[in-house]
Amino acid sequence: MDDMYREFILDHYKNPRHHGELDPADISYQDDNPLCGDVIRIDLRVDKDNRIIESAFSGQGCAISQASASMLMEEIQGKSLDEIKEFSREDILQMLGIELGPVRLKCAMLSLKVLKVGAYGVQDWVDDE
Amino acid sequence: MDDMYREFILDHYKNPRHHGELDPADISYQDDNPLCGDVIRIDLRVDKDNRIIESAFSGQGCAISQASASMLMEEIQGKSLDEIKEFSREDILQMLGIELGPVRLKCAMLSLKVLKVGAYGVQDWVDDE
Amino acid sequence: MSLVELDSGKIRAEFPALSREIRPGVPLVYLDTTATSQKPLRVLEAMERYYRWHNANVHRGIHTLAEEATAEFEGARTKIAEFIGAQDSREVIFTRNATEAINLVAKTWGSSNLKEGDRIVVSEMEHHSNLVPWQMLSAEQGLEINVLPVTEQGELDLREWERLLNKEPKIVCFTHMSNVLGTLNPVAEMCAQARDAGAVSVVDGAQSAPHLPVDVRAIGADFFAFSGHKMCGPTGGGVLWGRAKLLNEMPPFLGGGDMIKRVQMTGFEPNEIPYKFEAGTPSICEAIGLGAAVEYLESVGMESIWKHEQELISYALEGLGEINGITVYGPEAHKRGGVASFTLEGVHPHDIAQVLDRDGVAVRAGHHCAMPLHTKLNVVATARASFYLYNTQDEVDLLVEGIGRVRDMFR
Amino acid sequence: MSLVELDSGKIRAEFPALSREIRPGVPLVYLDTTATSQKPLRVLEAMERYYRWHNANVHRGIHTLAEEATAEFEGARTKIAEFIGAQDSREVIFTRNATEAINLVAKTWGSSNLKEGDRIVVSEMEHHSNLVPWQMLSAEQGLEINVLPVTEQGELDLREWERLLNKEPKIVCFTHMSNVLGTLNPVAEMCAQARDAGAVSVVDGAQSAPHLPVDVRAIGADFFAFSGHKMCGPTGGGVLWGRAKLLNEMPPFLGGGDMIKRVQMTGFEPNEIPYKFEAGTPSICEAIGLGAAVEYLESVGMESIWKHEQELISYALEGLGEINGITVYGPEAHKRGGVASFTLEGVHPHDIAQVLDRDGVAVRAGHHCAMPLHTKLNVVATARASFYLYNTQDEVDLLVEGIGRVRDMFR
Ligand SMILES: Cc1ncc(COP(=O)(O)O)c(C=O)c1O
Ligand SMILES: Cc1ncc(COP(=O)(O)O)c(C=O)c1O
């Protein structure tokens with residue numbers, strides 16, 4: 001927990017990468033976590049092979065939700081939508097490099113949820129507690 | 001508790017005094033305790049001064065309810081209805097000569113309840129727990 | 001061969017109440033588990049530990065205690081789900097008791113799926129908690145309650161059951177095990193038949209979950225209700241299990257915190273299951289206590305507990321049968337659990353219970369919240385002795401001797 | 001002059017959880033009582049004693065344990081009745097929590113006294129538990145909910161209140177003390193005005209009963225709801241107090257054991273109050289625990305507790321006010337209880353709570369089950385620190401220092 005706010009998380013929060021909106025975008029999706037008011041919107045542009053050529057996120061919320069979105073945007077650069085499908089909860093946790101309780105887990109996972117539902121309409125995505 | 005079933009309680013239960021019904025009667029009333037199925041009916045004949053000249057009870061139930069009814073019938077012989085009004089829970093307990101928990105108290109008090117409601121329509125009689 | 005395979009000494013040592021003396025020199029013989037069970041140390045310890053170290057409100061908290069409390073609370077849900085063979089712990093809804101669990105079904109599934117003239121089948125051996133909620137619902141919505149009668153042998157009338165199913169009831173409600181007769185009903189067959197007839201089934205498991213291995217999927221019920229306090233858990237904690245599909249379709253039960261996703265002054269959006277049905281601060285410690293209770297029961301083994309109780313009831317029915325003037329209700333030993341309700345000629349059940357209490361023997365007397373069944377049995381009350389993993393053959397002997405003394409006293 | 005008159009050392013020694021370390025060397029600073037309070041030893045002991053020696057089901061039993069359990073359970077009811085100034089202990093109905101208590105009113109009084117088009121006034125500062133039940137009722141019965149707004153100062157808009165009363169609402173619902181703003185509402189005046197306007201009043205006492213002397217008769221409410229777990233009692237036990245006259249006229253809530261007088265297969269006759277509203281095995285031990293809790297609170301003195309909290313909140317508002325970029329919501333110290341909700345510029349409340357937790361400081365972050373109020377405040381969430389008899393000025397210092405560190409970290 002001591003490294004909960006490791007420098008690089010705070011850095012991503014204060015200086016988010018790929019922040020903003022894409023217009024036009026091939027894929028846009030937004031969702032929120034009503035419990036805490038975190039909101040994440042993700043816009044993607046993909047090439048003919050469904051590879052991500054540009055991505056951006058916007059929204060507001062806690063350091064964990066915003067930093068994880070920012071890191072996720074970096075991670076997915078150049079990846080194909082199929083590769084994104086494979087992204088798991090563990091990948092996000094590894095990316096953040098910290099342990100999280102159930103409430104904060106939801107914050108951390110919001111961007112992945114938005115990405116997956118946006119890219120695949122995976123409506124059965126479950127907010128694991 | 002050891003003398004719960006003192007000889008004379010059992011005696012009243014096995015050989016109830018003033019048992020039966022009066023026909024005609026000046027006052028008749030019946031009530032029950034649905035929790036345990038005790039039923040008591042009391043019939044009274046009174047003189048012009050409202051003195052009880054004859055009383056009888058009938059019904060069924062546990063030893064405590066039946067014995068207390070039997071004892072109560074003996075107690076009220078020749079008493080006026082006004083005197084009966086004064087009969088209290090303590091009088092019954094003294095008559096029985098034992099201590100009782102809340103459930104059995106209801107059994108013990110059923111006959112007094114029937115008597116009072118019958119004689120006075122004291123509808124605000126409360127089953128004290 | 002020893003009658004009892006459980007290690008009685010070890011088990012009884014786990015239950016502090018069993019070392020209680022009712023009066024100096026008169027040890028407690030607790031034969032009233034059907035009303036509520038005694039609690040083993042490890043359940044008391046789990047609750048104590050929670051309050052001493054981890055107590056916090058659940059679900060919404062970020063601080064350490066809140067996270068620990070949430071993990072314990074949800075961990076209990078998972079344990080309980082496994083204990084009853086639920087597929088998904090979200091199908092386990094915490095309620096106060098079995099009664100609230102059944103009311104929940106009546107007030108949510110019932111009021112959103114039933115309409116005037118619809119039929120409900122309810123058995124005649126039900127505890128009031130699986131009857132009165134349906135009566136209330138019927139009165140509100142103009143439904144028809146069809147009574148599934150009890151036979152002379154104290155079993156459900158399965159002929160009549162078929163006839164009633166043919167009338168296409170929307171919902172059928174029956175107990176897994178009777179709290180008066182001990183009868184074990186063929187719930188798996190009945191649930192399958194109900195399903196074929198298009199009816200939803202509500203099984204009252206208040207007397208089965210504590211005593212025998214229960215697998216809600218094998219039973220095939222749609223809803224299954226039970227109470228923690230009858231199975232070594234604390235008061236204040238019960239469970240409704242329901243199929244996720246049905247639960248998802250049902251409207252919420254009570255309104256308040258936790259059961260919502262979003263609220264505005266003009267309306268709200270309900271939360272997911274199970275939270276949708278758990279308004280307000282839940283019975284956190286009670287759930288944790290029940291979690292510890294099922295862990296304890298599993299450590300002893302539900303098969304062993306059931307076998308132990310079967311042995312006790314056989315032995316008890318034999319002993320009781322020899323008492324002059326006694327009537328014991330219900331079916332033969334192999335068709336029932338560890339419950340024996342009886343009357344004694346010329347002695348009111350209250351007097352039986354009271355006199356037995358002088359010897360430390362705790363039994364119930366009354367209608368046991370099953371008045372219609374007593375009406376059927378044509379008695380106003382019965383005395384009831386019931387057994388659990390901690391009872392012994394010696395205690396059955398004390399019961400039988402005690403009843404003998406009652407009979408002599410009233411002769 | 002010492003700021004604190006309570007004997008902090010003595011009080012804190014009663015609460016085992018307060019000696020907890022969150023991590024080695026980092027003691028717990030528990031500032032989340034508004035969500036749930038910690039429990040004193042004597043409450044834990046009362047419950048333990050009950051389970052170890054007196055555990056039995058209540059009301060129907062004749063054996064010794066059943067009589068003892070019933071006496072303890074009903075004794076708790078009497079103590080709680082006295083604690084809130086109820087005239088008659090039959091007016092005290094045991095529920096799971098404040099939420100269930102309010103739902104009970106909505107589903108019994110509400111559904112039998114309201115008809116399409118009737119108005120309900122609900123304040124904008126309500127916890128979801130005093131809002132969602134009325135929304136559910138409105139949706140069912142076509143009622144109109146009129147919102148009593150909160151002013152810029154975080155108080156109820158009493159001008160608007162008068163205007164709304166003129167529209168002749170049938171029932172008005174407001175909290176005694178806000179769980180977010182700490183605002184103490186003028187409930188006695190409001191109940192009197194409601195009565196004059198012909199409306200029944202429902203006061204949510206979840207945040208007042210634990211913290212200040214409460215006299216339901218002096219308040220003049222018709223219904224008053226609170227939760228035991230917020231006032232040193234166990235989870236799973238709450239109370240609805242209601243006027244006997246109203247309670248007597250209301251239909252029952254849930255159906256089952258204990259709430260009936262007689263049952264036949266064709267219908268039932270409800271029991272007297274309070275049992276009419278307590279279906280099934282009640283939360284026996286939870287009631288006993290709450291009885292011990294109010295005894296404990298009285299032994300300290302509700303006046304002293306209130307004064308102590310007033311001193312803490314004054315001190316806290318001062319300290320918090322000096323932090324750069326902080327916004328503290330709600331009225332001045334003398335108009336509120338020991339609750340301070342705040343936001344910090346550029347830092348999400350979740351992050352505040354998480355970083356404070358590293359220092360052992362436990363605060364809540366979120367909407368505190370009051371989303372509409374947060375909408376009004378124009379924030380999605382706040383962080384909230386709340387105080388009780390066991391908190392100290394030193395703990396307030398740790399909070400203020402901790403928030404300072406959060407601010408630096410996010411600068
Ligand atoms: C003002 C207020 N009302 C009602 C409640 C609901 O209490 P419970 O969750 O115990 O039902 C709370 C507790 O958060 C509260 O603060
Ligand atoms: C068969 C049966 N169903 C339901 C209940 C009700 O349980 P509770 O009072 O815990 O809700 C009981 C308990 O007496 C029971 O024996």
Side-chain angles (χ1 to χ4, degrees), chain C residues 16-17 20 22 32 35-36 38-39 44 48 51-53 55-57 60-65 96-97 99-100 103 124 128-129 132-133 135-136 147 227 229 234-236 254-257 260 262-265 267-268 279-281 283-286 350 353-354 357 362 364-366 369 371-372, chain D residues 16-17 20 22 32 35-36 38-39 44 48 51-53 55-57 60-65 96-97 99-100 103 124 128-129 132-133 135-136 147 227 229 234-236 254-257 260 262-265 267-268 279-281 283-286 350 353-354 357 362 364-366 369 371-372:
Chain C
R20 162 85 194 257
I22 287 306
D32 194 20
T36 200
Q38 295 304 335
K39 320 302 174 201
L44 303 185
E48 176 100 9
Y51 280 132
R52 276 176 179 262
W53 305 118
N55 170 63
N57 213 327
R60 295 171 304 267
I62 288 171
H63 60 75
T64 304
L65 261 54
R96 175 173 34 250
N97 48 29
T99 301
E100 191 191 22
N103 278 273
E124 203 180 14
H128 295 158
S129 64
V132 178
Q135 292 180 335
M136 289 169 72
V147 180
S227 284
H229 69 92
T235 56
L254 305 181
I260 54 85
R262 261 176 253 265
V263 181
Q264 299 167 325
M265 284 310 292
F268 71 95
T281 302
S283 296
I284 303 169
C285 188
E286 290 67 22
H350 274 190
Q354 187 101 48
D357 182 59
R364 280 272 138 173
C369 296
M371 283 182 124
Chain D
R20 162 85 192 258
I22 287 305
D32 193 21
T36 200
Q38 295 303 336
K39 321 299 176 202
L44 302 185
E48 176 101 11
Y51 279 132
R52 276 176 178 261
W53 303 118
N55 171 65
N57 213 326
R60 299 170 302 268
I62 288 172
H63 59 74
T64 304
L65 261 54
R96 176 174 29 250
N97 47 29
T99 302
E100 192 190 22
N103 277 274
E124 202 180 16
H128 296 158
S129 64
V132 178
Q135 293 180 336
M136 290 169 71
V147 181
S227 283
H229 69 91
T235 55
L254 306 180
I260 54 85
R262 262 174 252 266
V263 182
Q264 300 168 324
M265 284 310 291
F268 70 95
T281 302
S283 296
I284 303 170
C285 188
E286 290 68 22
H350 273 190
Q354 187 100 47
D357 183 59
R364 280 271 139 174
C369 295
M371 282 183 123

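Chain letters run A, B, ... following the sequence lines, proteins first, then strands; residues in each count from 1. Only heavy atoms go into these numbers, but all of them, side chains included; no hydrogens, no water, no symmetry mates.
For C/I260, the part sitting under 4.5 Å from any heavy atom of chain D is the side chain, from C-beta outward, and nothing else. Heavy-atom distances place both the backbone and the side chain of D/T281 under 4.5 Å from chain C. Residue D/H229 touches chain C through its side chain alone, counting heavy-atom pairs closer than 4.5 Å. Proximity to chain C (any heavy atom under 4.5 Å) is shown, for D/Q38, by both the backbone and the side chain.
Shown here are the side-chain hydrogen bond (donor to acceptor under 3.5 Å, both in side chains) partners of D/D32, two or more places apart in sequence or in another chain: C/H63, D/R364. C/E286 pairs by the salt bridge (Lys or Arg N to Asp or Glu O under 4.0 Å) definition with nothing, not counting sequence neighbours.
Between chain C and the residues D/G256, D/A56, D/G280, D/G257, the largest count of heavy-atom pairs under 4.5 Å involves D/G256. Ranked by heavy-atom pairs under 4.5 Å with chain D, the first of C/L254, C/I22, C/L65 is C/L254. Counting heavy-atom pairs under 4.5 Å between each of D/C285, D/G267, D/P234 and chain C puts D/G267 at the top. No other option in D/V132, D/T64, D/V147, D/N55 has as many heavy-atom pairs under 4.5 Å with chain C as D/N55. Taking chain C as the reference chain and counting heavy-atom pairs below 4.5 Å, the highest number among D/M371, D/Q135, D/H350 is found for D/Q135.
Taking both residues in full, the closest heavy atoms of D/G236 and C/S283 are given as CA-OG, 3.3 Å, listed atom of the first, atom of the second, then distance. Of all heavy-atom pairs spanning D/G255 and C/P133, the tightest one is O-CG, 3.5 Å. Nearest heavy-atom pair, D/Y51 versus C/T235, reported as atom, atom and distance to 0.1 Å: OH-N, 3.0 Å.
With hydrogens and angles disregarded, no donor-acceptor distance shorter than 3.5 Å links the side chain of C/N57 to the backbone of D/T36. When atom types are taken as modelled, the side chain of D/T99 and the backbone of C/A279 share no donor-acceptor pair closer than 3.5 angstrom.
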